[in-house]
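Order of the sequence lines sets the chain letters (A, B, ...), proteins ahead of strands, with each chain counted from 1. Everything numeric here is computed off the predicted structure, so don't read it as measured data.
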Amino acid sequence: MGNQEIWVYVEINNLMVEPTSFQLITKAKQIANGRKVVALIAEPKMSHLESDIKEYGPDEIRILRDERFRGANDEELADALFQVVKRNTPNAIIFPATVRGRSVAPRLQAKLQTGLTADCLDIYYDGDNLVQVKPTYGDGVMCNIICPDKRPQMVTVRPNIFEAKVDRTIKPKIQAAEFEFHEDARSEVEAEEPVDHTSTDLTNAKVIIALGRGAYSEKNVELARQLAEKLGGKVGVSRPLTDKPEFTHSDQIGQSGTTVSPDLLINLGISGAVQYTVGVEKAKKVISVNTNRDAPIFDLSDYGYVGDAGAFLEAMLGNLE
Amino acid sequence: MKIIVCVKQVPENDSVKIDPKTNDMVRTGAQGVMNPFDRNAIETALELKEKNGGQVILLIMGPDSFTEVLRDGLAMGADSAYLLSSKEFGGADTLATAYTLVAGIKKIGKPDVILFGRQSEDADTGQVGPIVAEDLNIPQATFATKVETISATTLEVDRDLESSIQKVEIKLPAEITVRSEINFPRYETPINIVKSFDKPLTIWNEKDLNVDPDKIGKKGSQTIVTKVYAPKKETKQVKFLSKKAGDAAKTIINELDL
Ligand SMILES: Cc1cc2nc3c(=O)[nH]c(=O)nc-3n(C[C@H](O)[C@H](O)[C@H](O)COP(=O)(O)OP(=O)(O)OC[C@H]3O[C@@H](n4cnc5c(N)ncnc54)[C@H](O)[C@@H]3O)c2cc1C
């Protein structure tokens with residue numbers, strides 16, 4: 001039932017490796033327990049991202065090389081990966097839970113008729129089973145999922161849950177994967193333009209000012225944006241604020257939003273529901289502002305200010321001048 | 001244009017219980033509402049119909065009580081609705097859910113477009129759309145922020161890939177998963193609510209669908225939940241600041257070197 005390899009799907013984004021893939025290579029090495037960690041990449045001819053991947057020390061880098069991967073659609077990618085998996089079924093395949101990972105992985109899963117757990121927050125082995133940890137519905141409930149009877153075991157894992165660590169002690173073997181590129185003209189990528197999501201890209205923000213229901217007013221949004229600008233950061237929100245005209249779902253932090261890992265997080269008028277806090281566990285310094293001294297958000301804060309969010313914002317702006 | 005929108009019901013509040021024996025989520029009792037993202041999918045379907053003619057059909061898998069969600073969708077303007085309901089469908093993971101939906105889609109008759117909302121609020125995270133597309137061997141465009149009609153057989157879709165926007169021309173039949181940013185779903189008007197009660201709502205079980213009993217419900221699922229628990233929380237020692245906002249701000253700015 002599959003060999004003893006863990007494959008990490010390396011995603012390419014704007015001609016670079018999407019950073020989650022490095023995080024997943026490090027994680028795979030940590031849980032491998034003797035299993036071989038293989039980084040799998042589908043890249044066009046002139047791209048040589050294996051030199052970047054090497055730094056993180058997988059045991060092997062397996063390359064699907066074809067010029068047509070530039071602008072390949074989900075169907076073509078899933079088809080190519082399927083051929084490689086069929087030749088040599090691994091124990092597990094780990095995808096980043098990015099848009100692309102979430103689109104290609106389930107197509108591959110359907111071809112393989114195996115299990116896939118999306119959006120995991122943790123993974124580890126229990127014997128031969130990969131335990132897949134993810135939040136589930138309900139009041140802060142987590143669940144463990146396994147796929148006991150089929151291989152490969154498939155997961156997508158959230159960005160920024162694990163830290164990528166450079167490991168030059170291993171010289172990965174570089175191998176070409178055998179497959180044939182089957183063109184699928186039913187869907188054609190006509191153009192792809194990088195976008196600067198400066199206002200919304202919370203994933204990599206070093207400073208985040210987070211607004212919750214208790215802090216919402218047009219004025220406070222403006223003040224929070226000013227403070228974010230001053231500190232070189234971004235404004236994020238808890239879920240109730242995604243209904244407000246200033247924000248959308250992509251500004252949302254938490255279980256059904258984005259997982260963040262800033263050096264500094266300032267929570268304003270956020271109570272600290274588990275669905276919010278799972279998204280901010282990796283924040284380094286945390287300041288929280290809440291009128292209620294007993295709000296759970298203070299349990300994960302370094303500094304607490306019991307009082308009004310607007311007053312705090314104004315004081316910060318006033319004193320930073 | 002024949003458009004099928006797959007919708008889902010999610011519990012409205014957090015009062016969901018876990019069956020300690022089977023580890024399944026027990027949702028009876030918890031009031032259900034339509035997964036809010038599915039309203040965006042229905043809106044997309046209605047706009048496609050306004051432009052191209054045709055019909056909008058809703059499809060859902062779940063217990064009989066889910067007809068209420070279908071009524072909501074019909075009141076938004078969909079033409080008909082199908083509920084796939086049977087005890088045998090229970091405990092399905094995404095693979096078994098997609099298999100069942102595909103059986104329903106085949107029985108309804110091949111559509112031009114199958115729409116899904118971006119992701120449901122609870123357990124599964126937008127996987128079912130791509131699995132359905134693969135099972136039907138049709139192309140997909142996920143995370144769509146714009147859908148435009150090029151011709152009766154071609155759509156142009158903008159996909160938001162987070163760090164880039166991709167423009168895709170896709171031949172029908174196709175599966176599209178929409179993001180909530182794509183539109184503002186219309187409200188149910190009183191007249192449409194009244195009309196919704198006259199629209200056809202069909203219920204099918206596993207016999208109607210002629211499905212392989214080994215591929216539905218719990219039996220057809222490759223994944224099993226082994227444990228459900230409250231995560232342990234790491235707590236920090238919080239330092240409460242002065243109640244005077246100015247002093248509090250100064251302390252932070254000094255101590256964190258801002
Ligand atoms: C399946 C599921 C997924 C979810 N996913 C997410 C998610 O990804 N992200 C998310 O955020 N939520 C999510 N939620 C919702 C979550 O459970 C909470 O409801 C939500 O996080 C609460 O947001 P909040 O803290 O802003 O609001 P509230 O809980 O209403 O808290 C407001 C806080 O503001 C304080 N306050 C009031 N006035 C002031 C003032 N003037 N100044 C300062 N403080 C003040 C109050 O004391 C209170 O603590 C999810 C829920 C479910 C069921």
Side-chain angles (χ1 to χ4, degrees), chain A residues 13-14 74-75 98-100 102-103 106-107 109-111 113-119 136-150 184 186-195 231 248-249 256 264 285 287 298-307 311-312 315-316 319-320, chain B residues 10-11 14 16 18 25 93-95 98 121-127 130-131 133-135 139-143 160-171 174 180-181 222-231 233-236 238-241 243 245-246 248-250 252-253 256 258:
Chain A
N13 206 343
N14 296 330
D74 295 346
E75 294 79 57
T98 52
V99 168
R100 244 184 261 261
R102 287 175 183 192
S103 305
R107 276 202 92 111
Q109 171 204 13
K111 286 180 193 284
Q113 291 287 299
T114 184
L116 164 64
T117 302
D119 228 17
T136 182
Y137 198 88
D139 195 8
V141 185
M142 300 286 276
C143 65
N144 292 355
I145 295 174
I146 58 168
C147 172
D149 301 326
K150 280 274 173 85
D184 188 339
R186 294 175 300 175
S187 122
E188 207 99 46
V189 177
E190 297 181 300
E192 186 165 337
E193 310 239 318
V195 279
L231 297 175
T248 69
H249 179 83
S256 50
L264 174 64
K285 280 277 175 243
I287 304 169
F298 288 128
D299 293 340
L300 50 104
S301 306
D302 299 285
Y303 294 93
Y305 175 71
V306 181
F312 182 83
M316 283 297 286
N319 283 286
L320 274 169
Chain B
V10 294
D14 291 0
V16 178
I18 309 291
M25 283 186 277
D93 69 0
T94 53
L95 199 66
E121 295 251 306
D122 58 345
D124 85 72
T125 33
Q127 293 173 68
I131 303 175
E134 182 62 44
D135 286 352
Q140 70 187 33
T142 53
F143 298 85
D160 183 345
L161 304 182
E162 254 130 42
S163 54
S164 58
I165 301 281
Q166 195 180 66
K167 234 182 224 321
V168 186
E169 204 173 283
I170 195 162
K171 294 227 163 56
S180 53
E181 294 93 319
Q222 294 301 335
T223 55
I224 45 176
V225 177
T226 53
K227 194 174 153 198
V228 181
Y229 55 99
K233 269 204 215 164
E234 269 181 57
T235 56
K236 285 184 173 179
V238 60
K239 174 174 167 184
F240 281 108
L241 300 158
K243 289 233 173 195
K250 275 183 202 133
I252 285 171
I253 291 163
L256 296 181
L258 298 178

(request) May I ask you to test the A:P106-B:T94 pair for a side-chain heavy-atom distance under 4.5 Å? (result) no
(request) Taking the side chain as every heavy atom from C-beta outward, state whether B:T223 and A:I146 have any atom pair closer than 4.5 Å. (result) no
(request) Go through B:S164 and A:E192 one step at a time and tell me if the side-chain hydrogen bond (donor to acceptor under 3.5 Å, both in side chains) criterion holds. (result) CA-CA 6 Å; B:S164 58; A:E192 186 165 337; 2.8 Å; yes
(request) Heavy-atom distances under 4.5 Å only: say whether A:N14 touches chain B with side chain, backbone, both or neither. (result) side chain
(request) For A:N319 and B:G246, work out which heavy atoms get closest and say how close. (result) ND2-O, 3.7 Å
(request) Would you sort out whether B:S163 and A:N13 count as a side-chain hydrogen bond (donor to acceptor under 3.5 Å, both in side chains), showing the intermediate values? (result) CA-CA 8 Å; B:S163 54; A:N13 206 343; 2.9 Å; yes
(message) Just so I understand: if I count every heavy-atom pair under 4.5 Å between each of A:G115, A:G304, A:G307, A:A110 and chain B, which residue has the most?
(response) A:G304
(request) Flag the pair B:E134 and A:K111 as a salt bridge only when some basic side-chain nitrogen lies within less than 4.0 angstrom of an acidic carboxylate oxygen. (result) yes
(message) Using 0.5 Å steps for rounding, measure from the NZ atom of B:K171 to the CZ atom of A:R186.
(response) 10.5 Å
(request) Working to the nearest 0.5 Å, report the span between CG of B:L258 and CG of A:L231. (result) 5.5 Å
(request) Measure A:L116 against the heavy atoms of chain B and call it side chain, backbone, both or neither at under 4.5 Å. (result) both
(message) Any heavy-atom pair between the side chains of B:V225 and A:N144 that's under 4.5 Å?
(response) no
(request) Could you tell me which of B:S180, B:A133, B:A141, B:A248 has the largest number of non-hydrogen atom pairs under 4.5 Å with chain A? (result) B:A133
(message) For A:L320, which atoms come within 4.5 Å of any heavy atom of chain B: side chain, backbone, both, or neither?
(response) both
(request) Report yes if some heavy atom in the side chain of A:V189 is under 4.5 Å from a heavy atom in the side chain of B:E169; otherwise report no. (result) no
(message) Is it the case that the ring center of A:Y305 lies less than 6.0 angstrom away from the ring center of B:F240?
(response) no
(message) Could you check whether any side-chain heavy atom of B:P139 comes within less than 4.5 Å of a side-chain heavy atom of A:D184, counting everything from C-beta outward?
(response) no
(message) Please find the pair of heavy atoms, one from B:K236 and one from A:L300, that lie closest to each other, and give the distance.
(response) CD-O, 3.6 Å
(request) Over all heavy atoms of both residues, which pair between B:V238 and A:Y303 is shortest? Give the atoms and the distance, please. (result) CG2-C, 3.7 Å
(request) Please name the pair of heavy atoms, one in A:I287 and one in B:I252, separated by the smallest distance, quoted to 0.1 Å. (result) CD1-CG2, 3.4 Å
(message) Just so I understand: if I count every heavy-atom pair under 4.5 Å between each of A:Q113, A:R100, A:Q109, A:R107 and chain B, which residue has the most?
(response) A:R107
(message) Whether the side chain of A:E75 engages the backbone of B:Q140 through a donor-acceptor N/O pair (distance < 3.5 Å, no angle test) should be reported.
(response) yes
(message) Report which part of B:I131 has an atom under 4.5 Å of a heavy atom belonging to chain A: side chain, backbone, both, or neither.
(response) both
(message) I'd like to know if the side chain of A:S103 reaches the main chain of B:T142, judged simply by a donor and an acceptor atom lying under 3.5 Å from each other, with no hydrogens or angles considered.
(response) no
(message) Show the nearest heavy-atom pair for residues B:A245 and A:A311, with the distance to one decimal.
(response) CB-O, 3.8 Å
(request) Can you see which heavy atom on A:C143 is nearest to which on B:V228, and at what distance? (result) CB-CG2, 4.1 Å
